[in-house]
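Note sheet for the following structure.
Note that the structure is a prediction, hence the values are computed from the model and not measured. Computed from heavy atoms alone, side chains included, the values below leave out hydrogens, waters and symmetry copies.
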Protein chains: 2
Amino acid sequence: MSDAPSAVSRTPVWKSISISLTDDIAQGRYGTADKLPSEAQLAARFGVNRHTVRRALAAMAEQGLVHARRGAGVFVAAAPTDYPIRKRVRFHQNIQQGGQTPAKQILMLETRIASLIEAEALALEPGSSVHVYDGISLANNHPIALFQSVFPAKNLPGMLTALEQRQSVTEALKDCGVADYTRAETRITAKLATATQALHLRISEGAPILRTTGVNIDPRGQPVEFGRTWFAGDRVTLTVDGR
Amino acid sequence: MSDAPSAVSRTPVWKSISISLTDDIAQGRYGTADKLPSEAQLAARFGVNRHTVRRALAAMAEQGLVHARRGAGVFVAAAPTDYPIRKRVRFHQNIQQGGQTPAKQILMLETRIASLIEAEALALEPGSSVHVYDGISLANNHPIALFQSVFPAKNLPGMLTALEQRQSVTEALKDCGVADYTRAETRITAKLATATQALHLRISEGAPILRTTGVNIDPRGQPVEFGRTWFAGDRVTLTVDGR
DNA sequence: CGCTAGTATTTGTCTAGTTGTATAGTTCAT
DNA sequence: ATGAACTATACAACTAGACAAATACTAGCG
């Protein structure tokens with residue numbers, strides 16, 4: 001009691017180790033399928049007992065970041081996914097290119113009146129109706145991001161059922177007659193995870209989140225999708241090409 | 001626990017325990033870096049509750065006499081070491097001059113791209129690669145400081161292996177053709193120990209730390225090392241010569 | 001060259017001990 | 001009553017060491 005510098009270490013040591021290693025992976029210090037230093041070496045590096053390192057690694061393994069092979073070592077399972085933001089942003093393509101398996105989980109599909117923001121982004125009359133697609137993006141069966149896609153309902157009948165069957169936005173749009181689309185603009189900001197977001201993304205509340213907002217347009221320049229995506233900050237690295 | 005009857009001021013039990021243990025250390029019954037008996041054992045010896053012993057130990061820790069490591073025990077802290085900062089700062093020399101045995105423990109050796117700060121300190125092009133040497137400085141086998149030495153990679157091939165074998169920066173540099181070097185500038189600031197630093201230095205989180213930042217240059221004035229050192233504040237006294 | 005056997009590493013599991021922290025209760029002097 | 005000193009108990013976090021099980025490495029042999 002009565003310690004002057006009461007900067008109480010509320011976070012357990014193993015958690016800070018886990019964060020440090022996760023960051024190392026995120027920074028590319030250890031690449032996908034790379035072997036981490038042995039538990040003994042890590043224990044020496046962090047100045048703790050091997051068991052404390054093990055607890056940190058266990059937490060990372062639970063998140064699917066690493067996996068251990070007895071006698072061999074601990075390997076990076078999924079380096080933070082590189083998610084390129086280009087003219088043509090395609091979730092499935094982006095994930096597959098990184099050697100991972102993409103998937104989507106539907107949270108909600110509905111048709112409703114567009115909000116002001118949505119109407120403006122899609123260049124719609126106020127009061128127009130839109131299809132809304134809420135869901136979770138997964139890579140290798142681990143949640144990467146939450147998203148909400150908003151489509152103008154007028155030109156896209158049957159979009160909801162198409163989304164339900166296809167899961168892929170690209171293919172659903174193709175079913176509805178939109179063969180191609182490109183990203184007109186993307187905005188990126190940093191947020192902190194709310195409780196619900198944290199739950200869905202399997203991160204802790206208050207963890208950093210990358211929010212991107214983008215509008216996709218068809219070749220004629222008509223907006224076809226207004227999308228917002230919340231990426232788990234430590235699981236994804238957004239990369240923006242020069243152009 | 002009864003007599004000394006009407007005396008107005010009775011010293012608390014924990015204080016007398018603290019005095020007793022302090023005396024034991026002063027008498028050399030527990031030497032530097034020795035582990036004291038566990039709190040439970042001390043509680044039994046003094047016939048009190050463990051918490052009373054803890055209060056005594058807390059008082060001693062506040063005076064820098066002992067330091068506790070969770071799960072490991074309570075250890076007798078070392079007397080502060082004098083560390084002179086001069087034109088030629090040499091760790092091994094400095095420690096030996098104080099009659100102690102120097103040693104270094106490698107935490108990490110790597111080659112990577114220089115950060116902005118590092119590039120500027122070493123007068124390198126942005127994006128140049130550097131050798132980085134993370135480690136712990138020990139005197140008489142207990143930690144004095146954490147350090148990070150950054151060397152320009154271009155002029156120093158084989159520096160990492162040299163460091164691995166030699167441990168001494170001076171000798172490793174000699175192996176790489178740098179016969180002599182002097183300290184161009186040293187900055188000193190005070191910080192608080194982070195969790196990891198505290199673990200390595202065997203101090204408590206939030207304890208004071210002296211951070212020195214320095215650049216060493218070769219006789220031609222070329223920067224050869226950018227070093228940062230975090231000294232355990234209550235274990236080291238930095239001295240600066242008038243010179 | 002390929003195979004095997006032995007050795008060293010590395011992760012998995014178990015047991016035991018130690019400090020850190022929280023809660024609750026007792027005693028006692030003022 | 002009130003608060004300080006101390007006791008009692010329980011659990012969390014971390015250390016320490018040992019051993020088993022799986023893997024990687026290496027030397028030697030055919």
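Between the C1' atom of C:dA22 and the CZ atom of B:Arg54 lies a distance of 12 Å, rounded to the nearest Å. Atom CZ of B:Arg50 is separated from atom P of D:dA8 by 14 Å (rounded to the nearest Å). C:dC14 atom C1' lies 12 Å from atom CZ of A:Arg70, rounded to whole Å. Protein atom CG of B:Leu57 is 14 Å distant from nucleotide atom P of D:dC6, rounded to whole Å. The distance between atom CG of B:Asn49 and atom P of C:dG20, rounded to the nearest whole Å, is 15 Å. Rounded to whole Å, atom P of D:dT15 lies 12 Å from atom CZ of A:Arg55. The nearest whole Å value for the distance from the CD1 atom in A:Ile17 to the P atom in D:dT15 is 8 Å. Computed from coordinates, the A:His67 NE2 to D:dA22 P distance equals 18 Å when rounded to whole Å.
Looking at A:His51, its side chain comes within 3.5 Å of the base of D:dG17 through a donor and an acceptor atom.
For D:dA13, neither phosphate oxygen OP1 nor OP2 lies less than 4.0 angstrom from any side-chain nitrogen or oxygen of A:Thr52.
Comparing atom distances between the B:Trp14 side chain and each of D:dA24, C:dG20, D:dC6 picks out D:dC6 as nearest. Side chain of A:Val48, nearest nucleotide from D:dT15, D:dT23, C:dG12: D:dT15.
For B:Lys154 and B:Glu125, the salt-bridge test fails: no basic side-chain N is under 4.0 Å from an acidic carboxylate O. Note on B:Arg88 versus B:Asp180: salt bridge recorded, some NZ/NE/NH1/NH2 to OD/OE distance being below 4.0 Å.
Taking the ring axis of A:Phe147 as reference, the NZ or CZ atom of A:Lys104 stays within 45° of it and closer than 6.0 Å to the ring centre. Seen from the ring of B:Tyr83, B:Arg235 does not count as a face-on cation partner, given the 6.0 Å and 45° thresholds.
Using a 4.0 Å heavy-atom distance criterion, B:Arg69 is classed as a sugar-phosphate-only contact.
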